[in-house]
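Read the numbers this way: they start at 1 and go in the same order the structure lists the ligands and their atoms. Computed from heavy atoms alone, side chains included, the values below leave out hydrogens, waters and symmetry copies. Since this is a predicted model, take the numbers as computed values, not measurements.
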Amino acid sequence: MTVAVYPGSFDPVTLGHMDIIERTARMMDHVIIGILQNNSKTPLFSVGERVKMLEEITSHIKNVEVRSFDGLLVDFVHKCRANVIVRGLRAITDFEYELQMAQTNRVMAPDIDTIFLTTNLRYSYLSSTTVKEIAYFHGKLEAFLHPNVAEKVRQKVEELHQTSDM
Ligand code: ADP
């Protein structure tokens, strides 16, 4: 049985991430989306909120599960009894960092392979960071996010605007 872990921050999950999740689910027996907790950046959404959002929008894919983790990715992959890490590659700029991570993980855990899926060209420009900037300035989000996620991002940004007005 091939079990894959797709790790990331998913803050918030975009249509680019969804495309990778759907394609991975078609190739693997089981897919675990791993949401990283000990992120140095200050996230827009808590890990709990991100887990809930991802569960909601992947509920139609039967072999996908959502979990959060902290610590080393390879330890989480072992805990999941998985053997593959999936990462998305948008552009050459992603490549150097991703290659370094994959090689480091391979030294730490030779039983785990990293595979890369090239982005659907429709989403190759898309990042969670850009989406947050657009949201902050009240731009339209539907071209980038699932409608439920877009709504939650709008609400969250509204809350932030209100607290910064105080
Ligand atoms: P991280 O902080 O680990 O980079 P992200 O949530 O930004 O987490 O991304 C998780 C994974 O999804 C990474 O492999 C990243 O390259 C990939 N990814 C991000 N945006 C897209 C996109 N638009 N299309 C395809 N893959 C993407």
N/O donor-acceptor pair under 3.5 Å between [X] side chain and [Y] backbone:
X: Asn83; Y: Val3; answer: yes
X: His161; Y: Tyr136; answer: yes
X: Asp11; Y: Leu44; answer: yes
X: Arg87; Y: Pro7; answer: yes

Query raised in the report: What class does the angle between the rings of His17 and Phe10 fall in, given that below 30° is parallel, 30 to 60° is tilted and above 60° is perpendicular?
Result: perpendicular
Ligand 1 to [X] polar contact by distance, N or O atoms, under 3.5 Å:
X: Arg90; result: yes
X: Asp11; result: no
X: Leu126; result: yes
X: Tyr123; result: yes
X: Leu89; result: no
X: Arg87; result: yes

Report summary line: Short version for Tyr6: what comes under 4.0 Å of ligand 1, heavy atoms counted, is side chain
Query - Pro7, portion touching ligand 1 at heavy-atom distance under 4.0 Å - result: backbone
Report task. Please answer: with hydrophobic residues joined when any side-chain heavy atoms are less than 4.5 Å apart, are Tyr6 and Leu15 in the same cluster? Result -> yes
Please identify which atoms of ligand 1 are closer than 4.0 Å to at least one heavy atom of [X].
X: Phe10; result: 6 (O)
X: Gly8; result: 3 (O), 8 (O), 10 (C)
X: Thr119; result: 22 (C), 24 (N), 25 (C)
X: Ile20; result: 25 (C), 26 (N)

Query raised in the report: Between Asp19 and Arg23, is there a salt bridge with N-O shorter than 4.0 Å?
Result: yes
Report summary line: Closest heavy-atom pair, Asn148 versus Glu56, reported as atoms and distance to 0.1 Å, is ND2-OE2, 3.0 Å
